[in-house]
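Single-structure report; data block below.
Lettering follows sequence order; numbering is per chain, from 1. Hydrogens, waters and symmetry mates play no part in the numbers below; they use all other heavy atoms, side chains included. Note that the structure is a prediction, hence the values are computed from the model and not measured.
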Number of protein chains: 2
Amino acid sequence: MNSQNTQSSQRVQDSQRAQTGAAARRATYTPDSLLEVAVTVFNERGYDGTSMEDLARAAGITKSSIYHHVKGKEELLTRGVNRALDALNASLDTLEALPDGELDRVEQAVFRAVQILVDELPYVTLLLRVRGNTEAERAAQASRRAIDQRLAGFVERAAAAGALRTDLDPRLASRLVFGMVNSVVEWYRPGPGRWSADDVASAVTHVVFDGLRRR
Amino acid sequence: MNSQNTQSSQRVQDSQRAQTGAAARRATYTPDSLLEVAVTVFNERGYDGTSMEDLARAAGITKSSIYHHVKGKEELLTRGVNRALDALNASLDTLEALPDGELDRVEQAVFRAVQILVDELPYVTLLLRVRGNTEAERAAQASRRAIDQRLAGFVERAAAAGALRTDLDPRLASRLVFGMVNSVVEWYRPGPGRWSADDVASAVTHVVFDGLRRR
DNA sequence: TGGAACCGACCGACCGTTCGGTCTACTCTA
DNA sequence: TAGAGTAGACCGAACGGTCGGTCGGTTCCA
């Protein structure tokens, strides 16, 4: 009944080559490299469905050793979602600083959102799946809602500028568009011979703005 | 820290009026009315984040009383997801029996999917969020994948019939389209003065097939 | 030799579940 | 029609087990 995936750590190899061009140091965790393992497991089993024992097993160290690197389970969650939030907010700042061109801004927003989603896949996945059971989770949800609203603002400005079809409520359109964008985390997996971030981003952009129908 | 939402049961009133046209019997749960409460809580806190104590509190009975109606937590999950699976599969059967018209079939599939999603919102939400931590959850995921593949089949047939634009991989297009459809569970809430199921279904259909751009 | 990295043993709290029992509405019978 | 019997709905207490987290070490390298 237990899927025993023993260790898949990827610890930091020779974190510093030091002064001497000497041999590699023993593999060791940093908070960030541990986070990488943790977020992967969170996304497999869900945050609430993941025990510290699960994390320890996946990291190849004991439960107590995890507490040497981070304060606890919640810190891993916060660090994880913050990484996604930082990337998304940085992108929005850039977009907001762009000159007029309201339709172009929305197109850029969609394209960039997909790229970030693919580049930071595990972290964005974690963010999108967060429930509101603890204060940290509710804070993440609030930050995420703020991002959704900035994006919805772009769509409304494009609609007000007359760049979008007029038979759709911009707020509804925005929900649907970024719903499609976010749904990418449910199936996208990177790898050679698979779709690239740009493949997906341009497919999303094409469907969203011009539709599936042949014309 | 605890959001104390005390009881919101909706128990079965006068489950039988008996021979006499007598007064209403005392409110009581059935497995189905209890399921309704449970699925709501599952969707708020996540399945793994919900304790039997949480369910008991929301139902206004004790933990042990829940076991009078159902075998356990997992049965509530199975019953919940099955309700969604049954509705979706029934719709697909109907669609498959339709005469040719491959593009029309896909349009119908999208429209009907949104309708079911809205009609059975809590149950479909539960299905879409299931992780694979137990055998029951993995079974639900497998059934869901089967549905996704039937839908993808419709899209591929429409593409093969030349009804869709040719610069998009039909498998990718299918993921995106039903990703948008499924994303509706993340924000849709029924209520007077809000969007109806048909509002959302036709908005999704319009965006998916004709895009957001003014033309 | 100091400190980072790690470990095994353990803690109190809470988990899903079980058990014995109570209360109440209804049915059956004398 | 009184009263015994039955069955369903529910409860309080407790079960074995797992949870997130702590503590007092040991190891090992700069």
Side-chain angles (χ1 to χ4, degrees), chain A residues 1-2 7 9 11-34 37-38 41-42 45-78 133-137, chain B residues 1-2 7 9 11-20 22-34 37-38 41-42 45-78 133-134 136-137:
Chain A
M1 185 166 280
N2 259 352
Q7 189 168 351
S9 22
R11 281 140 112 159
V12 175
Q13 301 289 345
D14 66 335
S15 59
Q16 220 121 357
R17 233 160 290 249
Q19 295 96 309
T20 75
R25 213 191 296 184
R26 175 152 100 79
T28 253
Y29 276 111
T30 64
D32 272 357
S33 67
L34 184 59
V37 177
V41 183
F42 285 161
R45 313 174 82 88
Y47 177 70
D48 284 315
T50 302
S51 70
M52 294 304 277
E53 191 59 53
D54 290 331
L55 294 185
R57 201 176 307 119
I61 58 179
T62 59
K63 227 174 24 147
S64 43
S65 296
I66 293 176
Y67 289 88
H68 178 72
H69 300 285
V70 294
K71 291 183 81 170
K73 195 183 178 187
E74 197 154 299
E75 180 180 329
L76 288 166
L77 180 75
T78 307
N133 295 337
T134 65
E135 204 45 63
E137 295 176 71
Chain B
M1 186 163 280
N2 259 352
Q7 189 165 351
S9 21
R11 282 140 111 157
V12 174
Q13 301 290 345
D14 67 336
S15 60
Q16 219 119 356
R17 233 161 292 248
Q19 294 97 309
T20 76
R25 215 189 294 186
R26 178 152 98 76
T28 253
Y29 276 111
T30 64
D32 272 356
S33 66
L34 184 60
V37 177
V41 184
F42 286 160
R45 313 173 82 88
Y47 177 71
D48 283 315
T50 303
S51 71
M52 294 304 276
E53 190 60 53
D54 290 332
L55 294 185
R57 202 177 306 118
I61 57 179
T62 59
K63 243 185 346 164
S64 43
S65 296
I66 293 176
Y67 290 88
H68 179 71
H69 300 285
V70 294
K71 292 184 80 170
K73 195 184 179 186
E74 196 155 301
E75 181 181 327
L76 287 167
L77 180 75
T78 307
N133 295 337
T134 67
E137 295 176 71

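Counting only heavy atoms from C-beta on, B:Ser65 has its side chain closest to D:dC10 among D:dC10, D:dG21, D:dG12. Among C:dC7, D:dG20, D:dC10, the nucleotide with an atom closest to any side-chain atom of A:Ile61 is C:dC7. Side-chain atoms of B:Ser51 lie closest to C:dC15 of the nucleotides C:dT17, C:dC15, D:dG12. Comparing C:dT17, C:dC10, D:dC10 against the side chain of B:Thr28 picks out D:dC10 as the nearest.
For A:His69, no side-chain nitrogen or oxygen approaches OP1 or OP2 of C:dA4 to under 4.0 Å. For the pair A:Thr62 and C:dC7, the criterion of a side-chain N or O lying under 4.0 Å from OP1 or OP2 is met. Dashed line: the shortest gap from a side-chain N or O of A:Tyr67 to OP1 or OP2 of D:dG21 is under 4.0 Å. Neither OP1 nor OP2 of D:dC11 sits under 4.0 Å from any side-chain N or O of B:His68.
A straight line from CD of A:Glu53 to P of C:dC11 spans 17 Å, rounded to a whole angstrom. Across the protein-nucleic acid pair, A:Asn133 atom CG and C:dC14 atom P stand 15 Å apart, rounded to whole Å. For B:Asp54 and C:dC14, the CG to P distance is 12 Å, given to the nearest whole Å. Protein atom CE of A:Met52 is 16 Å distant from nucleotide atom P of C:dG8, rounded to whole Å. Put simply, CG on A:Asp48 is 12 Å from C1' on D:dG20, counting in whole angstrom units. Following rounding to the nearest Å, B:Glu75 (CD) and C:dT18 (P) show an atom-to-atom distance of 12 Å. The separation between B:Arg45 atom CZ and C:dC15 atom P is 9 Å, rounded to whole Å. For the pair B:Ile66 CD1 and C:dG16 P, the interatomic distance rounds to 10 Å; values are reported in whole Å.
Using modelled atom types, one side-chain atom of B:Tyr29 and one backbone atom of B:Ala59 make a donor-acceptor pair closer than 3.5 Å.
The two residues A:Glu137 and A:Tyr47 make their nearest non-hydrogen contact at OE2-CE2, 4.0 Å.
Proximity of B:Ser51 to B:Asp54: side-chain heavy atoms (C-beta onward) are separated by under 4.5 Å at one or more points. Under the 4.5 Å side-chain criterion, counting only non-hydrogen atoms from C-beta, A:Glu75 is not in contact with A:Thr78. Side-chain contact check for B:Val37 versus B:Leu55: every heavy-atom pair is 4.5 Å or farther apart.
Interface remark: the B:Lys73 side chain does not form any donor-acceptor pair with the C:dT17 base, using a distance-only criterion of under 3.5 Å.
Mapping B:Lys63 and A:Lys63 onto DNA chain C by nearest heavy atom places A:Lys63 closer to the 5' end of the strand.
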